[in-house]
Amino acid sequence: MARIGTVGYLNARPLSDRIDIDRHTLVLAHPAEIARQLREREVDVALVPVAAALSDGDYQMVGGVGIGAEGPVASVLLVAEQPPETWTEVLLDGVSRTSVVLAQLLLDGPLKRRAKGELTIRHVGPNEGVAQAEGSVAALVIGDAARELPDRLTHRIDLAEAWFEWTGLPFVFAVWAGQPDLDPAVVTHLQEAGRAGIAAVPHSYAGADLEYLTRNIRHTLDDKALMGLRRFAALASAKGLVARHDIPLYGPAERTLPRTQLDDLLSKAADGTRLTAEELGLLDEHAALADLALVATLIKEARHPSPKVPYRVDVGVVAADGETLEQIVVGTEASVVDQLVRLREEQDNGGRIWGVQVWAAGGNARGAYGSLANTAADHQRATALARIALDNVDHMVASPATEGLGMAQMSLHLGCDHLGRFRVSDEDEARRTSDEADRHIREAGFEPDGSIRQGVLEASDSSVSPT
């Protein structure tokens with residue numbers, strides 16, 4: 001029997017409606033209290049705000065289900081009587097730490113441009129903000145209270161919508177999180193109960209509740225949602241608002257429990273066991289990107305435990321340094337697995353490959369991605385698979401020249417330990433490129449370790465823009 005903590009908000013109910021309360025104890029409280037109970041081990045696993053999971057302990061999260069939004073969420077708002085241009089103070093309600101951190105990121109980011117003067121940020125107790133939101137004072141309000149606001153609060157900014165407009169990614173507000181030794185059977189039960197509860201929403205809810213759950217809430221914690229979560233974690237950790245830059249997923253089931261063949265393959269890969277071409281093909285066909293990313297990250301951290309991410313900016317024509325960099329090309333007739341196995345065999349037979357990059361067929365990433373045969377997700381899967389397959393190649397190198405710095409930044413969470421090389425035409429461009437590379441590395445939660453190498457300048461040289 002497990003002690004499972006959750007919240008009583010409507011958006012959480014589909015994830016907890018189908019939990020077997022004959023087998024497990026269900027504890028309800030507001031988000032901050034549930035986070036405290038998990039921290040104090042009064043519950044074994046809990047549906048907690050993401051910011052709490054990133055700060056309170058070495059938690060792992062249950063994959064597949066969570067609470068998020070891709071656009072307006074309608075239940076996490078900044079509200080006021082006056083427009084943002086007149087705000088002088090913002091009260092941050094302490095009910096949910098994630099919403100507080102998100103509000104701070106937005107107020108220091110896209111919303112900062114709307115304010116005319118300096119804003120005073122004041123933290124207040126749970127459910128205290130709305131009553132004090134008068135005149136030029138705005139307040140954060142979350143949960144069901146955000147759907148039942150006084151008419152006087154006519155100016156409302158939906159934080160999930162603002163996040164989506166800023167990043168293009170879903171926002172994840174809460175996840176099931178627990179200690180690393182949580183019983184795998186409980187993990188499986190939460191996933192199955194969540195999927196069942198989500199499927200039953202059209203039959204279990206009606207009216208405004210049904211519209212809210214189906215139009216505003218995104219309960220699927222898929223690859224896209226995990227990208228949004230990791231983006232939030234990188235930004236928040238860089239500003240010191242949370243302690244960690246990621247929350248690992250619970251991995252495959254323990255060996256003492258029955259497992260599928262896929263679980264076994266993921267466990268073997270994470271342990272450093274070389275996978276055959278057939279096994280790599282099964283991973284490529286069946287494994288979720290989140291699982292591949294987790295295993296690739298574990299392998300990278302074992303080989304390159306330092307948080308420093310190197311890169312190099314070459315000014316002009318620079319002499320070759322003897323480091324052989326091979327490419328895996330996504331979007332061609334040759335399968336990614338076939339290319340990986342060929343490279344691995346060449347390396348076994350005396351090859352001297354220093355590192356490997358994943359490239360998008362067609363050249364520049366802006367024109368190369370987007371077709372059914374070659375999506376950004378295909379590129380990410382290939383990057384993670386390359387780190388898993390190439391146990392005899394030391395470095396996985398991102399390719400900002402072909403994928404852009406944004407995708408290269410994501411590659412650092414998919415097994416890459418090096419940001420790659422930039423070729424620019426002059427020293428000013430080199431400094432700007434270096435600054436942009438440093439920023440992207442820090443936002444990903446790592447430390448930049450770049451260098452600028454001078455070569456022979458040629459008038460015909462063209463800069464590789466990092467943006």
Side-chain angles (χ1 to χ4, degrees), residues 108-109 166-168 230-231 234-235 237-239 245 300 303-304 306-330 352-369 376 379-380 383 386-387 393-467:
D108 194 43
W166 188 28
T167 67
R230 288 172 176 142
R231 176 72 167 160
L235 290 171
S237 62
K239 291 185 177 297
H245 67 268
K300 180 193 75 172
R303 290 192 176 196
H304 304 281
S306 171
K308 292 185 177 181
V309 175
Y311 66 89
R312 196 174 74 206
V313 181
D314 291 341
V315 182
V317 180
V318 179
D321 54 14
E323 295 177 348
T324 303
L325 198 62
E326 296 287 341
Q327 283 81 40
I328 299 295
V329 183
V330 184
R352 296 184 178 182
I353 300 172
W354 176 82
V356 169
Q357 285 181 324
V358 174
W359 279 41
N364 188 284
R366 294 175 182 82
Y369 294 140
H379 185 281
Q380 293 165 0
T383 300
R387 181 65 288 169
V393 175
D394 194 29
H395 298 286
M396 279 296 302
V397 183
S399 179
T402 61
E403 62 191 39
L405 262 174
M407 184 71 75
Q409 180 192 67
M410 188 63 202
S411 295
L412 300 179
H413 292 289
L414 296 162
C416 286
D417 59 277
H418 195 293
L419 193 66
R421 298 176 186 173
F422 305 82
R423 185 182 176 196
V424 300
S425 59
D426 57 58
E427 294 182 6
D428 288 342
E429 182 69 9
R431 285 191 292 271
R432 290 194 297 271
T433 299
S434 181
D435 288 344
E436 278 295 288
D438 286 355
R439 179 174 67 83
H440 278 77
I441 290 171
R442 289 192 179 98
E443 286 182 355
F446 301 99
E447 298 176 15
D449 186 23
S451 61
I452 297 176
R453 187 166 67 159
Q454 300 290 339
V456 179
L457 299 181
E458 292 186 356
S460 61
D461 286 348
S462 60
S463 299
V464 178
S465 174
T467 57

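Since this is a predicted model, take the numbers as computed values, not measurements.
Scanning for side-chain contact (heavy atoms from CB on, under 4.5 Å) contacts around D428 gives D426, R431, R432, with sequence neighbours left out. Partners of K308 under the side-chain hydrogen bond (donor to acceptor under 3.5 Å, both in side chains) rule, at least two apart in sequence or in another chain, do not exist in this structure. For H395, the ring-ring contact (aromatic ring centres under 6.0 Å, His included) partners at least two apart in sequence or on another chain are H304, W354. Remark: S411 engages E403 in a side-chain hydrogen bond (donor to acceptor under 3.5 Å, both in side chains) (not counting sequence neighbours). Take R387 and apply the side-chain hydrogen bond (donor to acceptor under 3.5 Å, both in side chains) test, not counting sequence neighbours, and it matches no residue. Residues that satisfy the side-chain hydrogen bond (donor to acceptor under 3.5 Å, both in side chains) test with D435, not counting sequence neighbours, are absent from this structure.
The shortest heavy-atom contact between P400 and G420 is CD-CA, 4.5 Å. Residues D417 and P310 come closest through the heavy atom pair O-CD, 3.3 Å. Of all the heavy atoms in A444 and Q409, the pair that sits closest is CB-CG, 3.6 Å. S237 approaches H245 most closely through the heavy-atom pair OG-CB, 3.7 Å. The shortest heavy-atom contact between A430 and V315 is CB-CG2, 3.7 Å.
Atom-to-atom distance recorded for I452:CD1 and T433:OG1 is 8.5 Å, nearest 0.5 angstrom. Interatomic distance, D314 CG to F422 CZ, rounded to the nearest 0.5 Å: 10.5 Å. To the nearest 0.5 angstrom, H413 atom NE2 is 4.5 Å from F446 atom CZ. In this structure, the separation between NE2 on H418 and NZ on K300 is 13.0 Å, given to the nearest 0.5 Å. Summarising the geometry, atom CZ belonging to R421 is positioned 9.5 Å from atom OG belonging to S451; distances are rounded to the nearest 0.5 Å. Rounded to the nearest 0.5 angstrom, D438 CG and L419 CG are separated by 9.5 Å.
In this structure, K239 pairs ionically with D108, as a charged nitrogen and a carboxylate oxygen lie closer than 4.0 Å.
Using a distance-only test at 3.5 Å, with no hydrogens or angles considered, no donor-acceptor pair links the side chain of Q327 to the main chain of V358. With T383 contributing its side chain and H379 its backbone, the two residues share a donor-acceptor pair below 3.5 Å. Panel note: side chain Y311, backbone P448; no donor-acceptor pair is recorded below 3.5 Å.
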Walk me through it: do L405 and E436 pass the test side chain to side chain contact (heavy atoms under 4.5 Å, CB included)?
CA-CA 8 Å; L405 262 174; E436 278 295 288; 4.0 Å; yes

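Side chains of R231 and M410 form no contact here, defined as non-hydrogen atoms less than 4.5 Å apart.
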